[in-house]
Amino acid sequence: MTIKKVPHLAHWGAFTAVTENGRLTGCEPFFADSNPSPMLQTIPQLVYSDKRIRQPMVRRSWLKARENSDRTLRGREDFIAVDWETALDLVAQENQRVRERYGADGIFTGSYGWSSAGRVNHARTLVRRFYFNGGGGVDQLGNYSWGAAQFFLPYVIGTYMPLTGRVTDWPSVIEHAEVVLAFGGLALKNAQVASGGAGEHTLKPALEQLARKGTRVINVSPLRDDCPAFLNADWIAIRPNTDVALMLALGYEIERQGAADYNFLNSHCVGYPQLRDYLLGQSDGVAKTPQWASTITGITAERISELARQLTGKRSFITCSYAVQRAHRGEQPYWMMIALSAMLGQPGLPGAGFSFGHGSMNSVGNPRIDTPAPQLPTGPNPAGLAIPVARICDMLLQPGESYAFQGQTHRYPDIHLMHWAGGNPFHHHQQLNRLVEGWQRPDTVIVQDIVWTPAAQMADIVLPVTTTLERNDIGGSSRDRFVFAMHQAIAPQHQARNDFDIFADLAERLGYRERFTENRNEMQWIAHLYQQCGEAQQRKGVEWPAFEAFWQRGYVELPASERDYVFMSDFRADAQASPLKTSSGKIELFCQTIADYQLNDMAGHPEWRAPQEWLGSEQAARFPLHLISIQPADRLHSQLDATPNVQANKTAGHETLWMHPQDAAARGISDGSEIEVFNARGIMLAGVKLNEGLTPGVVVTSTGAWFDPGFGGAWQPWDRAGNPNVLTLDIGTSLLTQGPNAMSCLVEIRQRQTLQKG
């Protein structure tokens, strides 16, 4: 028996791949990781999954009629196996046809998904690099994680970079914070993953230190389990989508008590007088009192007043999870959290201020020298075309129609060719039945992936690609202290090929292979990216070993930063010398630029406006439960969902839905029941687990179940797997950002009885 061990990396952690006689048998966690993710053990199941795409495939009627095929048969009819040369010829011919006939605005290049931790064979990067070098296409702007905040925060604090993890780091919070107020909690499961991988999982050790110190942690969330039990966090159960109302009432109380830090507000902020008038009701006649907020949030007025006292005069650290802004009007709680921290005079103080994403993803708050990770460039898009990431359905279904974004009016292009690589839009996107309708509009859909995801099953041309274990690569994150060599552990399975090689061969057919590859093969690109990364490190005084030494060792470790990083510390010390990149150079509690846009759904300061769907809306009479869709604990988005480990965690054969016992009892539902979750947009099947740690009226399920209306057979108007995006509302968070909205979703639940079994 020949046993081999090689270094490798996934988004959920670094590991050593163990093979026996050329077969992957295990994944041993990286030695420096004190809290490795159990998801590593599922990787072999993915590699050898019976869901692997084994060879290039073409949908039967598309192969016969090409762009004239019946597009409603996508997902319903069978595929014909073809060889690689034929498949690549078909893709290249469609590229040429569509570009010549419709131009760059007929090609959608906006593949979205985490794809692999490797930076060379990173599908989302490569698909853009390929199309940008070929004349451009329609790209996507932003992401589904924090898309609203990305396009909003620059107006208020001059940058969105804190969303990427460059925020006040954990050592500073642990040492200095007296109160940690977490809107959306600090869930450990979320910190298993980091884009680009990680050598250390740092959230749990940080929270354990916080607990040992006895720091008060307050969890404002519909879910008690959004904070681990060992933190002993105070749980404030709040109705979903009402965080900004609570924050406004806290601001009212701070102002009423005379506790607002006017020195900081005057020297480092603009617009507090307008916000103050709104808090006190002088501008709209409604004072934002604790009593006012109580009727909206479901939190008692006494608890709101108490929370204001707990914050006043304390070194406070306030953070919002990414999930808080993934809702209709999701910009508002982020804006008011910043305002609340400014009223308390906290931004820029060690261990204090405001933050985004602590507890939403690993690496947020990691102490690290601020240098870039390895990154393959996409190059510029010569077409200059893009849509907000979550507006795919609108683009496909409403070509030529106008939409608002960032204070301007744009028009949707008419898409004829869609090429999706390394992602599953039937996981990320909202209102999947609407996406199915839009997916039928383009002439041709190309998907390249490892396994038969729902997107692949609804494609015209399907190209099988390797897992990271079947190729070499380099990985790392700008918020982690390691760069990793990713050695090929096993031979490519079936007829799978590397993403880089697929696009290089396509570029050759279209006459620009040299431009795409820059005359580098896979290993030469790995060495090149390592060298580029090293040059950035060396400018910071970091020693960087030769590539050969790095490749043999498997990793290079960067030193920890010499001092704690505190977000806005320079700005706090001297606002004139270190201004923010806002129009005023200060924190904008009233933003004149936004006010001048004259949007009908957003004022120039933080405010409460009811979301389109929430427990206080008219729809709640028909659909009285608020559905929250959270990140899963056993997979990354929809990656790994088809593996036995993940399937074993289902309930009654479907994704688990957590429900408060009193809500279940009112519907005659018991623990383990098979249920139908429905609203006017769709129906999904799920299995129930009862949980008292929920706000009554709130139900919770994980995202990532593979959308399953019955591919290749009897297509049904319901999802069998339990994918909550069958039910979510496909509208933008606001006219300013057009961010993804998944958290404003009302449903009703019943025992499974009306749908055909099987």
Side-chain angles (χ1 to χ4, degrees), residues 142 146 148-169 172-173 176 247 251 260-276 278 315-320 325 331-357 364-365 368-372 406-408 478-479 536 539-540 561-597 602-606 736-737:
W146 26 261
Q150 178 175 352
F151 296 113
F152 164 71
L153 287 178
Y155 291 96
V156 179
I157 59 172
T159 179
Y160 71 85
M161 290 308 293
L163 295 167
T164 68
R166 193 57 171 165
V167 289
T168 298
D169 61 32
S172 181
V173 174
H176 298 285
M247 296 174 186
D261 188 336
Y262 273 91
N263 288 332
F264 185 84
L265 290 168
N266 291 331
S267 61
H268 289 75
C269 306
V270 297
Y272 184 64
Q274 293 95 321
L275 177 58
R276 179 183 179 275
Y278 180 73
R315 184 67 62 94
S316 59
F317 184 70
I318 310 177
T319 182
C320 264
Q325 52 86 60
E331 301 86 359
Q332 298 303 324
Y334 269 38
W335 200 351
M336 190 58 207
M337 178 187 66
I338 294 168
L340 192 61
S341 185
M343 291 179 68
L344 294 166
Q346 299 295 296
L349 290 174
F354 58 87
S355 177
F356 317 97
V364 176
R368 184 199 187 279
I369 294 175
D370 189 21
T371 50
Q406 296 285 276
Q408 297 181 333
S478 62
R479 298 294 167 248
R539 286 193 291 270
K540 294 282 188 175
S561 54
E562 295 180 355
R563 63 186 181 90
D564 294 342
Y565 177 75
V566 177
F567 179 54
M568 284 195 171
S569 59
D570 292 343
F571 168 68
R572 182 185 183 90
D574 192 333
Q576 298 298 319
S578 301
L580 304 181
K581 295 180 180 179
T582 58
S583 59
S584 64
K586 298 181 178 182
I587 298 172
E588 304 219 348
L589 307 183
F590 176 90
C591 179
Q592 189 62 53
T593 302
I594 292 177
D596 289 345
Y597 288 157
M602 182 178 288
H605 56 72
L736 179 71
T737 72

Exercise for the section: Could you label the plane-to-plane angle of the Trp146 and Tyr160 rings as parallel, tilted or perpendicular, counting under 30° as parallel and over 60° as perpendicular? Expected result: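 Tilted: the ring planes of Trp146 and Tyr160 meet at 30° to 60°.
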Handout entry: Parallel, tilted or perpendicular: ring planes of Tyr155 versus Tyr597, cut at 30 and 60 degrees
Key =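 If you compare the ring of Tyr155 with that of Tyr597, the planes turn out perpendicular.
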Practice task
Assess whether side-chain contact (heavy atoms from CB on, under 4.5 Å) is satisfied between Leu344 and Phe354, documenting all intermediate values.
Solution key: CA-CA 11 Å; Leu344 294 166; Phe354 58 87; over 6 Å; no
For the student: nearest non-hydrogen atoms of [X] and [Y], plus distance:
X	Y	answer
Ala342	Phe264	O-CD2, 3.5 Å
Met161	Thr159	N-OG1, 2.9 Å
Ala595	Gly604	CB-CA, 4.1 Å

May I ask you to test the [X]-[Y] pair for a side-chain heavy-atom distance under 4.5 Å?
X	Y	value
Gln332	Pro606	yes
Phe356	Leu153	yes
Met568	Ser341	no

Hey, could you give me the [atom1]/[atom2] distance between [X] and [Y], rounded to the nearest 0.5 Å?
X	Y	atom1	atom2	result
Tyr272	Phe590	OH	CZ	15.5 Å
Tyr262	Met343	OH	CE	7.0 Å
Leu163	Cys320	CG	SG	11.0 Å
Trp335	Ile594	CH2	CD1	4.0 Å
Phe571	His268	CZ	NE2	5.0 Å
His176	Arg315	NE2	CZ	7.0 Å

Is [X] reaching over with its side chain to a backbone N or O of [Y], donor-acceptor style, under 3.5 angstrom?
X	Y	result
Thr168	Phe567	yes
Gln346	Ser316	yes
Ser172	Asp169	no
Glu588	Ile157	no

Handout entry: CA sep, side-chain torsions, deciding dist, call: Thr582, Thr593, side-chain contact (heavy atoms from CB on, under 4.5 Å)
Key = CA-CA 10 Å; Thr582 58; Thr593 302; over 6 Å; no
Exercise for the section: Start with the C-alpha distance between Arg479 and Thr164, add both sets of side-chain angles, then the distance that settles side-chain contact (heavy atoms from CB on, under 4.5 Å), and finish with yes or no. Expected result: CA-CA 8 Å; Arg479 298 294 167 248; Thr164 68; 4.0 Å; yes
Practice task
Would you please say whether a donor-acceptor pair under 3.5 Å links the side chains of Thr737 and Glu331?
Solution key: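 Per modelled atom types, Thr737 and Glu331 side chains form a pair under 3.5 Å.
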Problem - Step-by-step side-chain contact (heavy atoms from CB on, under 4.5 Å) determination, Thr319 to Val167 - result: CA-CA 10 Å; Thr319 182; Val167 289; over 6 Å; no
